[in-house]
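Note sheet for the following structure.
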Amino acid sequence: MNIKTIIQLLSVIAILGGLLTFSPSSGAAQTTETEDQVTFSMLGLQDQIMHGPYSTLSTRFNAPSSWVLKPGAKLLLNINVSSSSASGTLNPAGADAGASLQISLNDVVLENIFLTDGFQTVEIAIPPQALTSNRLDARHELVIFLNAAIDCDFDHQTTVLIQSSSSIFLPHELIAPELDLSRFPKPIYQPSSFRPENVLILVSETPTASELKAALSVVAGFGRITGNKQPVSLVPIGQLSAERKANSHIIAVGKPESFSILGEVQFPVPVNGSAINAANIATDDGLIQIAHSPWNQAFTVLYVGGKTDVGVVKAAQALTFGRILTGSQSDLAIVSDVSSVYQIPAVSENRSFASLGQDVQTISGTGTGILEYQFYVPPGQTSGVNPYLELVFTHSALMDLNRSGAVMMLNGQSIGSFRFTEESARQVNTIQFGLPDYAIRPGNNQLEIQADLETNNQCSVLSSDGLWMTVSPTSLIHLPLVPVEFGEYSVAQNLSAYPYPFAANPNLAETAIVLPSKNLVAWNVAGSILADLGNRFAGALITLEVVFANAVNDDIRSRFDLLIVGMASELPIIAELNSEMPAPFNEGGNIANEGGLVVNYKIPEGVDMGYLQFLPSPWGSQRAIVAVLGSSTQGLEWAGTALSDSQFRSQLSGNFVVVNDKQIFSSDTRLGQGTGNLSATAVPGNYAATQLAPLSNPPVAARPGWIMPAIGLTTFLILVILFIVIGNSFRQNRSRVKKEIERKSE
């Protein structure tokens, strides 16, 4: 073990030991959170360790659109510095570490901090000019640069921990956001904001099937428009508390008589009681309008409705398109008709980076840098033949070519990478990367070029400015677009094939959602599934069907693939399907009956259990049914999460799945006798009928009294071992030197 490695280990151990023993109540490192405070953890930064001689930490963020920043901003850095000398001795707290941190915001240098060893909180004033973003996407960029050149000049090691409790204080005023439906989904959805805002879909206390269809269409549309990054929830008007009303964007979906509170909102077309007061709105027209919330001007109220169910559905389907066409008023749109046939606008298939608003862009310095580009794909369109990215770039020859390279990311998906070479350093390079269909989505697409530039010698004066990669604005995205077509498919008889059978039509026009008429949990579970499906498909509109469980007619049964969501006792159609289901239910019960086993265990009612079942439709040869069921509301939510969350969805297989919280048990009843009693496996023991505790607020266990002495003893033993290793190393070195001197003297 060399001395440099030992010193670095000692530094890291000292910092980790400090973290374990440092009390949040000791000193100024702990701050009281306020509305102005934005912690590093809110920006996605956890505790970050920076190693000398040079290291860079950066992050980008957006403030909410309702914030206007005021003077008086400041940065509070909670840091722990550990430096050590060649002997391996850690410097005492308060000693000069011989290093500094340079802090910049939006390319304005805020301060150079000279570091001392130990914990410290540094307060840095942020001048008004540093609060103006110089980026096209209006995001702010914070950069922290560690300069520990002393590590190059001496056998020395510097390590700095930036704690996630560090904060930026941003005094601000709340303003009423701009009301412009042509910019939808703004201001309701704000990408990259460190303080996402709540969004509620307000529905009638007793919505009609058409009104619920409209509300769920809006949920699916939000999933598609925002990349499923904006959670929304359905709330009946009777459950809208004053607190939620004042702290949320509200989207009211339905006929006006359901929402008496809308009379308080200053819409361009007043919605009073049971009437929409506008002579130019026909009976079956849809209406979309937006206004500032009378309960909090920082939020908005969006009304998606009409005088009739037909008008309500029209308005909702128009909203799912993602681009709202307004007339003379930017806060109002009247929908006279909705057609699933969409005329594709002319869009250039070759879009240069210059046409996307970007000039020459350069990544420089040691470490990872990111360049970002955005391009738009209209709904109802998908990529044609051979889409690709053509990247034109140059780069420095001074980097470590074996450790440096770049990765292309499209909407969070890796689409290509390359390494730098001696040859590419001597020329202008052009390289093409295919754009896979799965990475392209309707709406705004985010392309990122992530370059990792590593130096041959960190102590070289060229390790910062001498490393660079420049991307030319002549780079282009070649993306021919064609209309999305509805595909034919054979029914995939397996849950692992999900989102089939619903993926045959990108508008979800052949999908019918079967729901209980009075189960809000089932409605929201269906909403989470539809938001995920909306994010996956590229249709111009969302035109799904919704039907209550007691009104599933022959037309619905034969023409649609069914997604059934709820509890079996609330869904009459489950009794009709019992003979076809992998695991049927007893009459009036919600526990699946896994019959046909040699030994069958009875699971009592009251146990939380989620079920997913897949079966061919008995009413149409090319139709299929997916049932999302629960023995309780908790079990139903688990089942919905298993289908809508990719982390769990990858574990699904067969035609029957039992879900117990984060545990997934899959089986195929067609391959053997019964299912192996998955429910009994999911609930081991004597199956007492107990309700599991909610998982949203787990109790925080007290720290055992023995843990701190154990940590201290472990750290002490590690230090003793390291000092022994260091001593042996020095003794061996002295012995070798002595023998060498004696040999030469002979």
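As a basis for the values below, the full set of heavy atoms in this structure was taken, side chains included, without hydrogen atoms, waters or symmetry mates.
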To the nearest 0.5 Å, what is the distance between OG1 (Thr633) and CG (Leu520)? 10.5 Å
When you look at Tyr611 and Ile591, which way does the side chain to side chain contact (heavy atoms under 4.5 Å, CB included) test go after all the steps? CA-CA 9 Å; Tyr611 303 109; Ile591 297 290; 3.7 Å; yes
Which residues share a side-chain hydrogen bond (donor to acceptor under 3.5 Å, both in side chains) with Gln446, sequence neighbours left out: Gln374
What residue among Ser41, Ser164, Ser165 forms side-chain hydrogen bond (donor to acceptor under 3.5 Å, both in side chains) with Asp47? Ser164
So that I can tick it off, tell me whether Glu545 and Arg559 are bridged by a salt bridge, with the cut-off set at under 4.0 angstrom between side-chain N and carboxylate O. no
For residues Val514 and Leu563, determine if any side-chain heavy atom of one lies less than 4.5 Å from a side-chain heavy atom of the other. no
When you compare the side chain of Val199 with that of Ile251, does any pair of heavy atoms fall below 4.5 Å? yes
Rounded to the nearest 0.5 Å, how far apart are CG of Asp668 and CZ of Phe656? 11.5 Å
What's the spacing between Ile290 CD1 and His249 NE2 if we round to 0.5 Å? 8.5 Å
Contact between Leu629 and Met567 at the side-chain level, heavy atoms closer than 4.5 Å - yes or no? no
Do side-chain atoms of Asn535 reach the backbone of Ala531 as a donor and acceptor pair under 3.5 angstrom? no
For Trp523 and Pro516, indicate whether the former's side chain and the latter's backbone hold a donor-acceptor pair under 3.5 Å. yes
Can you tell me how far the CE atom of Met581 sits from the CD atom of Glu576, to the nearest 0.5 Å? 12.0 Å
Between the side chain of Gln413 and the main-chain N/O of Tyr438, is any donor-acceptor distance below 3.5 Å? no
Please answer whether the main-chain N or O of Ser569 pairs with a side-chain N or O of Asn590 as donor and acceptor at a distance below 3.5 Å. yes
Show your working on side chain to side chain contact (heavy atoms under 4.5 Å, CB included) between Ser258 and Val203 and close with a plain yes or no. CA-CA 8 Å; Ser258 301; Val203 296; over 6 Å; no
Check Leu636 against Gly566 and note the closest heavy-atom contact, atom names and distance. CD1-O, 3.5 Å
Can you check whether Leu515's main-chain N or O pairs, donor with acceptor, with Asn519's side chain at less than 3.5 Å? no
Would you call Lys518 and Glu205 a salt bridge, taking side-chain N to carboxylate O under 4.0 Å as the test? no
Test item: Asn578 side-chain N/O and Phe585 main-chain N/O as donor-acceptor pair under 3.5 Å: yes
Measuring only between side-chain heavy atoms, which start at C-beta, is Ile440 closer than 4.5 Å to Asn445? yes
Heavy-atom distance under 4.5 Å between the side chains of Asn198 and Arg244, does that happen here? no
Between the side chain of Asn411 and the main-chain N/O of Ala439, is any donor-acceptor distance below 3.5 Å? yes
Give me the atom names and distance for the closest heavy-atom approach of His292 to Val265. O-CG1, 4.1 Å
Going through the checks in order, is the side-chain hydrogen bond (donor to acceptor under 3.5 Å, both in side chains) test met by Asp561 and Thr511? CA-CA 5 Å; Asp561 298 300; Thr511 297; 5.4 Å; no
Does the side chain of Phe299 reach to within under 4.5 Å of the side chain of Ile250, using non-hydrogen atoms? no
Run the ring-centre check on Phe40 versus Phe61 and record whether the distance is less than 6.0 Å. no
Non-hydrogen side-chain atoms of Leu544 and Val546 separated by less than 4.5 Å: yes
Give the intermediate values and the outcome of side chain to side chain contact (heavy atoms under 4.5 Å, CB included) for residues Phe548 and Ile513. CA-CA 8 Å; Phe548 288 136; Ile513 320 300; over 6 Å; no
Hydrogens and angles aside, do Asn655 and Thr669 bring a side-chain donor and acceptor to less than 3.5 Å of each other? yes
Pairwise side-chain contact, Phe537 with Pro499, heavy-atom cut-off 4.5 Å (strictly under): yes
Candidate pair Thr208 and Asp309, rule side-chain hydrogen bond (donor to acceptor under 3.5 Å, both in side chains), full reasoning: CA-CA 8 Å; Thr208 65; Asp309 281 349; 3.2 Å; yes
Test log, rule salt bridge (charged side-chain N to carboxylate O under 4.0 Å, His left out), inputs Glu264 and Lys245: CA-CA 12 Å; Glu264 303 175 38; Lys245 184 168 61 174; 5.1 Å; no
Asn507 side chain to Ala509 main-chain N or O, any donor-acceptor pair under 3.5 Å? no
Over all atoms of both residues, closest heavy-atom pair of Gly589 and Ala568: O-CB, 3.6 Å
Output, in order, the C-alpha distance, side-chain angles, deciding distance and verdict of side-chain hydrogen bond (donor to acceptor under 3.5 Å, both in side chains) for Ser65 and Gln190. CA-CA 7 Å; Ser65 61; Gln190 303 168 35; 3.3 Å; yes
Spatial distance of atom OG1 (Thr39) from atom CG (Leu45) [nearest 0.5 Å]: 9.5 Å
Could you tell me whether a side-chain N or O of Arg557 sits under 3.5 Å from a main-chain N or O of Ser617, the two making a donor and an acceptor? no
Criterion side chain to side chain contact (heavy atoms under 4.5 Å, CB included) on Phe267 and Leu262, from CA distance to verdict: CA-CA 9 Å; Phe267 284 124; Leu262 295 187; 4.2 Å; yes
Val525 to Ser528 - nearest heavy-atom pair and separation: O-OG, 2.7 Å
Set of ring pair (Phe, Tyr, Trp, His ring centres under 6.0 Å) partners for Phe184, sequence neighbours left out: Phe222
Any donor-acceptor N/O pair, Ser248 side chain to Leu200 backbone, under 3.5 Å: no
Closest non-hydrogen atom pair, Val335 against Ile288: CG2-CD1, 4.2 Å
Do the charged groups of Lys314 and Asp284 touch, with an N to O distance under 4.0 Å? no
So which atom in Thr300 and which in Pro177 form the shortest heavy-atom distance, rounded to 0.1 Å? CG2-CG, 3.7 Å
So does Arg649 pair up with Asp645, basic N to acidic O under 4.0 Å? no
Measure the CG-CG distance between Leu612 and Leu495 for me, rounded to the nearest 0.5 Å. 6.0 Å
